[in-house]
Amino acid sequence: MLSVRTQRDQRLGPLVLLLVFGGHVVSGTESSDYSEAEVLPDSFPSAPAEPLPEFLLEPEDAFIVKNRPVQLRCRASPATQIYFKCNGEWVNQNDHVTRESLDQITGLVVREVDISVSRTQVEELFGLEDYWCQCVAWSSAGTTKSNRAYVRIAYLRKNFEQEPLGREVRLEQEVLLQCRPPEGMPAAEVDWLKNEDVIDPSQDSNFLITIDHDLIIKQARLLDTANYTCVARNVVAKRRSSTATLIVYVSGGWSSWTEWSQCNAQCGRGWQRRTRSCTNPAPLNGGAFCEGPPFQRVTCTSLCPVDGGWTEWAKWSACGTECTHWRSRECQAPPPRNGGKHCSGSMMESKNCTEGLCTRNKKISIEHASHPLAPGMGVAVYAGLVVALVLCVILALCVGVLAYRRRRRHLHGDITDSSSALTTAFHPGNYKPPRQDNPHPLHPSAPPDLTATAGAFRGPLFSLQHGVNDSPHKIPMTTSPLLDPLPSLKIKVYNSSTLSSLELPTDMGPGDGEILSLKSVGTVGRERDFHSHTLSREPGLSTSATLGNLGGRLTIPNTGVSLLVPPGTIPQGKFYEMYLIINKWDKTTLPSEGSQTVLSPVVSCGPSGMLLNRPVVLTLPHCAQLDTPTPDWTLTLKTQTHQGAWEEVLTVGEETLSSPCYLQLEEECCHVLMEQLGTYGLVGQSCPPQPACKRLQLALFAPRAPCLSLDYSLRIYCIHDTPHALKEVMDLERSLGGVLLEDPKPLLFKDSYHNLRLSIHDIPHTHWRSKLLAKYQEIPFYHIWSGSQRPLHCTFSLERGSLAVSQLTCKICVRQVEGEGQIFQLLTDIQETLPPHSPLPSGGSCLPSSQVGPYAFRLPDSIRQKICASLDAPSARGCDWRLLARSLGFDRYLNYFATKPSPTGVLLDLWEACHQGDADLVSLATALEEMGKSEVLVVMTTDGDC
């Protein structure tokens with residue numbers, strides 16, 4: 001086969017191809033490259049004189065930066081001509097720059113051609129295909145085409161498709177910082193900066209940059225706390241993303257416990273402590289503080305030192321030859337023990353046994369040797385001694401008889417002295433305490449420990465009534481003429497920790513003779529009241545009152561916390577000083593653990609050892625969001641033991657017959673029916689699959705005007721949506737000189753592990769400057785959800801240009817990441833003194849702190865008794881207390897009420913607690929009317945004020 005190609009003239013016309021196959025000539029037109037035919041020579045060579053052109057340099061893709069044209073170049077050998085074709089059209093010959101040379105080795109002609117492509121040429125192209133060019137080279141053997149080279153306009157957009165976001169991560173956690181660079185041509189290359197230094201994964205293997213330009217930190221280290229920036233660049237420009245601040249925090253860990261300290265009491269009962277510190281490791285960069293108490297305390301008992309005491313002197317020894325006799329005593333009454341002092345004084349005593357006569361006789365005998373004794377003188381001396389001895393014996397017998405009679409009269413005395421008032425609580429009524437001069441006290445080795453003895457006492461402390469075993473000849477104290485002139489009897493009780501006084505009126509009836517005072521610590525129940533030593537009664541967080549059989553109500557104003565003590569709860573004739581205390585968060589261990597969150601204040605009511613005849617009702621506000629159609633909370637009531645640990649009392653919806661309490665849940669509070677006083681708190685956790693929500697409040701505070709400094713700060717608190725939490729923050733800001741700028745805003749905080757983000761916007765930069773370096777601040781999710789850190793707040797520090805600037809306008813946005821949010825529109829004059837906002841918390845009515853007797857209840861006792869008599873008995877038609885429970889909405893667990901002697905009475909107690917602010921009897925009357933209890937309605941209309 002023979003193929004022949006000829007070169008066209010300078011006008012680049014079409015080329016006619018003649019193919020000769022076995023003497024046949026076939027002609028064709030290569031329409032894609034040529035448009036005209038040309039007459040071929042008469043003869044052809046049998047073989048090409050030179051090879052086809054070969055490209056030594058082909059044109060490469062290029063980018064037009066701004067308005068600068070690009071140069072395309074190609075080189076071929078051997079080549080007689082080289083031309084560019086762009087987008088299917090030949091480039092004008094005048095636009096070519098041609099250079100020709102000779103290859104020294106092969107001797108072939110080397111031809112090189114350049115063209116210039118402008119931005120205008122590229123922009124004038126219409127269609128989906130990019131602008132392209134290629135070279136076509138000719139030789140005597142034929143043509144050769146190069147690869148296509150594409151010419152594009154280079155650019156780089158300004159905005160990143162995704163910027164990295166700042167985070168707070170724990171130590172050794174894997175971190176992913178995402179970055180999507182702006183769109184560009186050519187595609188942008190991405191570098192990561194750490195504090196403005198380029199990150200090189202080859203130098204630090206802890207960093208990894210993915211193919212999608214994300215930065216992965218395999219294990220977060222403390223040194224990885226820095227500002228990270230994503231940088232995108234190409235031939236046109238370089239773009240920087242916003243800076244993402246990465247904070248690597250360390251949650252605290254407890255050190256080992258120290259050794260137990262020595263008992264703080266040198267004698268009797270005391271305490272031992274051991275401590276630990278949150279230093280293993282210490283929390284860093286906002287990490288969570290260690291959970292649990294930093295110290296433990298246990299009781300201890302130290303043996304009291306007993307000083308030695310002398311026994312009675314022994315009898316005198318026989319008179320010795322030296323006219324002396326001896327007697328001895330021992331330090332055994334009692335012997336010194338536990339480091340007590342030894343007896344002071346001598347163990348032996350001696351004296352002349354003849355009152356000096358023995359010495360005188362010696363002298364007389366000496367004189368008698370020279371002067372003989374008168375007759376009868378010795379007999380008179382011995383007779384006088386005998387008479388003196390007889391008189392001494394008679395006198396001793398008289399003294400002994402008088403002492404014995406006086407002792408007998410005192411032991412059978414009829415009126416108990418004041419010291420016996422203490423012991424009547426621990427001994428039978430006819431027991432008399434020993435006198436001070438009794439050589440054998442009740443506990444010869446140690447003084448009596450009243451708090452330890454109280455362990456077996458379950459009744460009242462003081463009893464002034466007659467015992468059944470009293471002797472019939474005793475004079476009754478209440479009718480004795482010795483007590484008639486006294487207006488009252490005051491008994492003072494002393495112990496190691498308190499000094500209290502209890503006054504008993506003389507006109508008390510026989511049923512009111514027993515009173516228990518909380519001030520006398522350690523006398524109620526089998527153990528001491530744990531909270532009487534650990535709980536502080538601060539103003540506004542506690543209340544107390546002395547209640548008896550008529551009952552009453554304790555209310556801590558503006559907190560939503562109250563305790564209802566129904567009539568008959570306290571036994572007839574007894575009075576208790578009852579208290580209600582809200583525990584401060586920094587002075588108590590929180591009941592939450594794991595994924596649980598605290599939903600109510602921790603409240604103590606007591607005294608914790610008192611016996612109750614019927615349940616009391618404790619009302620606690622909570623911040624759980626309960627208006628969802630499906631239950632998304634698992635709510636648990638917990639109580640604190642005397643050792644400080646928390647135990648579950650009941651889980652709502654999982655009650656059994658052994659459950660000691662009943663919990664009535666409302667949207668903003670809960671009411672707990674209980675028969676054991678103590679410390680309680682409500683906790684909760686999300687119930688899958690729906691995440692639960694807590695109701696929070698956002699409160700904005702600023703310094704009280706006028707402001708005399710250039711600096712100005714705005715504080716935003718994130719608190720539980722309960723009256724107590726808002727009251728606590730208001731009191732704190734009042735002490736700091738802050739003022740509430742506007743009413744708090746509600747926020748639903750979801751259990752989604754997303755932080756709370758706060759940012760400030762629209763600051764007039766001509767007069768004000770924000771000192772915040774980052775775009776926003778964040779409160780970690782765990783700090784809010786656990787409720788272990790209170791109160792949580794963020795501060796925005798501003799600086800004004802001059803003291804003349806007084807107007808401040810801005811917006812503060814608070815929202816949970818991927819959740820709900822609120823916006824504060826602030827317009828204030830910092831020099832104008834405004835009256836502070838004092839919103840009355842919901843549930844914080846103006847009820848008095850304590851109400852005693854019938855005044856504490858809306859339902860009169862006569863109506864209560866008739867309703868109970870009508871509904872307690874079971875009815876065949878079901879029109880009994882069960883229907884009343886359903887009508888009032890108290891039917892979640894009816895078995896609790898069924899175990900009570902009067903189910904209706906307990907239901908009415910719960911109704912009183914639920915309607916303490918608006919108990920107008922209408923709701924109760926409506927329920928009774930629906931039940932058809934017309935006879936009870938008549939009683940309510942007659943006796944009540946419905």
Side-chain angles (χ1 to χ4, degrees), residues 286 288-289 534-543 556-561 580-590 592 597-604 620-623 681 694-707 709 711-747 749 756 758 760 777-780 783-798 812 814 822 824 826 828 830 833-844 849:
F289 196 78
T534 60
L535 298 178
S536 59
R537 302 195 188 184
E538 299 191 7
L541 296 181
S542 63
T543 183
I556 304 179
N558 297 332
T559 63
V561 178
L580 186 63
I581 302 173
I582 298 177
N583 299 345
K584 298 199 69 173
W585 294 98
D586 54 351
K587 296 182 181 179
T588 186
T589 304
L590 294 181
S592 59
T597 178
V598 181
L599 298 174
S600 75
V602 177
V603 175
S604 298
L620 299 174
H622 68 79
C623 61
K694 288 176 67 173
R695 291 181 288 107
L696 303 180
Q697 288 189 98
L698 305 173
L700 177 61
F701 290 86
R704 185 175 289 110
C707 180
S709 172
D711 294 332
Y712 194 74
S713 60
L714 299 171
R715 290 185 294 275
I716 298 183
Y717 288 84
C718 176
I719 57 177
H720 284 175
D721 188 8
T722 59
H724 160 63
L726 181 59
K727 181 179 183 296
E728 184 181 19
V729 170
M730 295 288 291
D731 294 341
L732 174 62
E733 277 295 324
R734 190 178 298 111
S735 65
L736 298 176
V739 61
L740 183 66
L741 294 183
E742 57 180 277
D743 290 338
K745 294 181 180 292
L747 177 69
F749 192 78
L756 187 69
L758 302 93
I760 187 168
Q777 303 182 67
E778 285 190 347
I779 301 178
H783 291 181
I784 299 176
W785 192 256
S786 67
S788 60
Q789 300 188 16
R790 297 200 174 208
L792 295 172
H793 75 281
C794 280
T795 301
F796 290 97
S797 298
L798 306 176
I812 297 180
V814 185
Q822 287 283 4
F824 288 90
L826 185 61
T828 182
I830 65 174
T833 304
L834 298 175
H837 285 261
S838 297
L840 182 64
S842 59
S849 60

Which heavy atom of [X] sits nearest to which heavy atom of [Y], and what is that distance?
X	Y	value
Ile581	Ser542	CG1-CB, 3.8 Å
Val598	Lys694	O-NZ, 3.6 Å
Val739	Arg704	CG1-CA, 4.2 Å

Check your understanding: Partners of Asp711 by salt bridge (charged side-chain N to carboxylate O under 4.0 Å, His left out), sequence neighbours excluded?
Key -> Lys771

Would you say [X] and [Y] make side-chain contact, with heavy atoms under 4.5 Å?
X	Y	answer
Glu733	Tyr717	yes
Leu792	Leu756	no
Pro621	Val561	yes
Asn558	Pro723	no
Leu732	Pro791	yes

Atom pair [atom1] ([X]) and [atom2] ([Y]), whose distance is rounded to the nearest 0.5 Å:
X	Y	atom1	atom2	value
Ile830	Tyr712	CD1	OH	6.0 Å
Thr722	Gln697	OG1	CD	7.5 Å
Ile760	Ile716	CD1	CD1	8.0 Å
His724	Ile719	NE2	CD1	10.0 Å
Leu726	Thr559	CG	OG1	12.0 Å
Lys727	Ile556	NZ	CD1	9.0 Å

Taking [X] for the side chain and [Y] for the main chain, is one N or O donor matched with an acceptor at less than 3.5 Å?
X	Y	value
Arg715	Pro703	no
Thr597	Trp785	yes
Glu742	Leu700	no

Point to revise | side-chain hydrogen bond (donor to acceptor under 3.5 Å, both in side chains) involving Glu778 - partner list, sequence neighbours excluded | key: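 Only Asn755, Arg757 meet the side-chain hydrogen bond (donor to acceptor under 3.5 Å, both in side chains) criterion with Glu778.
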
**Study point:** Residue list, side-chain hydrogen bond (donor to acceptor under 3.5 Å, both in side chains) with Ser600, at least two apart or on another chain
**Key:** none

Check your understanding: Can you check side chain to side chain contact (heavy atoms under 4.5 Å, CB included) on Leu698 and Cys718, steps first, answer last?
Key -> CA-CA 5 Å; Leu698 305 173; Cys718 176; 4.2 Å; yes

Practice item. Run the numbers on Gln777 and Thr795 for side chain to side chain contact (heavy atoms under 4.5 Å, CB included), then give the verdict. Key: CA-CA 9 Å; Gln777 303 182 67; Thr795 301; 5.7 Å; no

Exercise for review: Determine, stepwise, if the pair Phe701 / Met730 fulfils side chain to side chain contact (heavy atoms under 4.5 Å, CB included).
Suggested key: CA-CA 9 Å; Phe701 290 86; Met730 295 288 291; 3.8 Å; yes

Review point. Between Ile812 and Leu758, does a side chain to side chain contact (heavy atoms under 4.5 Å, CB included) hold up when you go through it step by step?
Key: CA-CA 7 Å; Ile812 297 180; Leu758 302 93; 5.5 Å; no

